[in-house]
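Note: hydrogens, waters and symmetry copies are ignored here, and every other heavy atom, side chains too, is used. In what follows, chains are A, B, ... by sequence order, proteins preceding strands, each numbered from 1.
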Amino acid sequence: MPELPEVETIRRSLEPHVAGRRILAAEFLCLRVLRGGDPDEMAARLAGRRVIALRRRGKFLLFELEGGLILLVHLGMTGKLLMGAEPGPHTHAIITLESGALLYDDSRQFGCLELHDSVPARVARLGPEPLEVGFEEFARGLRKRRTRLKALLLDQRFLRGLGNIYADEALFRARIHPFAVAARLGPERARRLYDAIVEVLGEAIAAGGSSISDYVDGNGRRGFFQTRHRVYQRTGEPCVVCGTPIRRTLVAQRGTHYCPRCQRR
DNA sequence: ATCGGTACCTGCACGC
DNA sequence: TGCGTGCAGGTACCGA
């Protein structure tokens, strides 16, 4: 489900409910999403602790807690954090704060909740934030990689936060074929790609993210950027620029949508 | 060291 | 109605 714009929307929607609030209790109902963490120990360490801040790094959310602890949350494909909702069959954690109950729901269980004493390696080794990186650093990163651009945009060590939707949408806006080799992009196309990424992420955040099937923010509100997708899941529909039917192919086993006319090899 | 392919899970849409 | 298939916003791990 959630890529950078969705996770940022969730962060903004939750921040007023959690920042500065104390955790009264925590309950963990699913071992899988804890990735080896001990549910009772996590609950004991969380209870009574105040949340200092809620930050985002790429697609990760970090609840920064008193005493330097970090509750790390990744939403995987179907993870949701919901304030004041009723628990359902896929509710795997209930964190009760002074301000109400925060639920973690995740039907596919690809997400995770972990408690760390410091920023874990998985987060530390992420690439730069796409809305903060400068063009020169972005272009240097491109030159080092001989892989296809679509695969590179999904690689969180290159940039953190892009996923399948925004990789396809950025490549379309930059008019670059998803199979193009990163290291062979000239400065002009590299610039177009950089600008397209910044533009599409900014518009998506402003729209509250893309609700394809079930994404909602922390207050249960849907985003509406899905109505502005130009290629993602528009296979066979006319390109908004030239009318050519949008094509679907596979890159690194991920569905990849592009206009064969606007995005030449 | 870098790549692509596979596995992990559930739910849904589709064709028969 | 029910069953099989393929697909879905994610990452980690494996072997080449």
Side-chain angles (χ1 to χ4, degrees), chain A residues 1-11 29-37 56-61 72-81 88-92 104-114 120-127 130 141-171 178-184 200-201 204-205 207-217 222-236 247-257:
Chain A
M1 168 204 349
E3 306 180 27
L4 188 154
E6 289 76 33
V7 179
E8 177 60 22
T9 302
I10 290 168
R11 191 197 68 76
L29 309 164
C30 170
L31 284 179
R32 162 171 288 280
V33 300
L34 301 185
R35 305 293 161 95
R56 179 187 59 75
R57 299 257 198 122
K59 302 174 193 171
F60 287 91
L61 282 170
L72 180 72
V73 179
H74 195 290
L75 299 168
M77 293 275 251
T78 50
K80 295 195 248 307
L81 282 168
H90 301 296
T91 299
H92 304 316
Y104 178 71
D105 263 62
D106 186 357
S107 64
R108 291 179 74 180
Q109 303 173 30
F110 286 173
C112 59
L113 289 86
E114 304 168 3
R122 277 228 314 296
V123 174
R125 65 167 174 251
L126 293 171
L142 281 179
R143 271 180 251 123
K144 282 191 282 194
R145 304 292 293 270
R146 312 210 56 75
T147 189
R148 292 176 289 188
L149 263 181
K150 171 65 187 281
L152 184 63
L153 293 182
L154 294 177
D155 186 340
Q156 304 296 296
R157 293 167 304 181
F158 173 65
L159 282 182
R160 63 186 192 228
L162 286 180
N164 214 29
I165 297 175
Y166 300 105
D168 282 3
E169 293 296 320
L171 285 168
F179 287 4
V181 173
R184 293 214 291 256
V200 75
L201 291 179
I205 292 171
S210 301
S211 289
I212 299 295
S213 64
D214 62 354
Y215 157 76
V216 288
D217 72 11
R222 291 170 59 80
F224 54 86
F225 195 70
Q226 67 280 4
T227 63
R228 316 250 191 91
H229 292 174
R230 298 181 187 172
V231 287
Y232 182 75
Q233 287 192 349
R234 292 193 64 244
T235 310
R247 207 171 277 176
R248 180 184 183 277
T249 183
L250 280 183
V251 179
Q253 305 307 110
R254 308 297 301 277
T256 295
H257 313 78

Rounding to an integer number of Å, can you tell me how far A:Arg57 CZ sits from C:dG10 P?
20 Å
Please tell me if A:Arg160 has a side-chain N or O lying less than 4.0 Å from either OP1 or OP2 of C:dT11.
no
Quickly work out the A:Gln253 CD to C:dC7 P distance and round it to whole Å.
10 Å
Between A:Asp168 (side chain) and A:Tyr232 (backbone), is there a donor-acceptor pair under 3.5 Å?
no
Only counting residues at least two apart or in another chain, list the ones meeting ring pair (Phe, Tyr, Trp, His ring centres under 6.0 Å) with A:Phe110.
none
Sorted by chain and residue number, the salt bridge (Lys or Arg N to Asp or Glu O under 4.0 Å) partners of A:Arg234 (sequence neighbours excluded) come out as A:Glu237
Mind checking which stems touch DNA chain C? I mean at least 3 consecutive Watson-Crick or G-U pairs, both distances under 3.5 Å.
B:2-8 with C:10-16, B:10-16 with C:2-8
Counting neighbours of CZ on A:Arg35 that are heavy atoms of other residues, nucleotides or ligands and sit closer than 6.0 Å, is the number greater than 12?
yes
In this structure, how many angstroms lie between the C1' atom of C:dG10 and the NE2 atom of A:His90, rounded?
17 Å
Contacts of type side chain to side chain contact (heavy atoms under 4.5 Å, CB included), residue A:Arg148, not counting sequence neighbours
A:Phe179, A:Val251
Could you give the CG-to-C1' distance, from A:Asp106 to B:dT10, as a whole number of Å?
10 Å
Check this for me: A:Arg222, atom CZ, are more than 12 non-hydrogen atoms of other residues, nucleotides or ligands nearer than 6.0 Å?
yes
Close N or O pairs between protein and nucleotides 1-3 of chain B (under 3.5 Å):
| unit_1 | atom_1 | unit_2 | atom_2 | d |
| --- | --- | --- | --- | --- |
| B:dC3 | OP2 | A:Arg145 | NE | 3.2 |
| B:dC3 | OP2 | A:Arg145 | NH2 | 2.9 |

Looking at every heavy atom in both A:Glu114 and A:Leu34, which two are closest together, and how far apart are they?
CG-O, 4.3 Å
More than 12 heavy atoms of other groups within 6.0 Å of A:Arg247 CZ:
no
For the side chain of A:Arg248, starting at C-beta, report the closest nucleotide among C:dC7, B:dG11, C:dG10.
C:dC7
Do you know the tightest heavy-atom contact between A:Gln109 and A:Asp106?
N-OD1, 3.1 Å
Starting from P on B:dA7, measure out to CZ on A:Arg108 and report it in whole angstrom.
15 Å
Mind checking A:Arg35 for me? I need base, sugar-phosphate or nothing, with any heavy atom below 4.0 Å counting as a touch.
nothing
Please state how far atom CG in A:Asp214 lies from atom P in C:dA8, giving the value in whole angstrom units.
15 Å
With a 4.0 Å limit, can you tell me whether A:Arg254 has a side-chain N or O closer than that to the phosphate oxygens OP1/OP2 of C:dG10?
yes
Tell me, with the steps shown, if A:Glu3 and A:Tyr215 meet side chain to side chain donor-acceptor pair (under 3.5 Å).
CA-CA 11 Å; A:Glu3 306 180 27; A:Tyr215 157 76; over 6 Å; no
Please give, in whole Å, the distance from B:dC12 P to A:Ile212 CD1?
16 Å
In residues 224-235 of chain A, what residues come within less than 4.0 Å of DNA chain B, judged by heavy atoms?
none
A:His92 vs A:Tyr104 aromatic rings, parallel, tilted or perpendicular, using cut-offs 30° and 60°?
tilted
Rounded distance (Å) that lies between atom C1' of B:dG4 and atom CG of A:Leu152
14 Å
A:Phe110 over B:dC8, stacked by centroid distance under 5.5 Å, angle under 30°:
yes
Shortest non-hydrogen contact between A:Ser211 and A:Gly223, atoms and distance:
OG-N, 2.8 Å
Would you tell me if any nitrogen or oxygen in the side chain of A:His74 comes within less than 4.0 Å of OP1 or OP2 on C:dT11?
yes
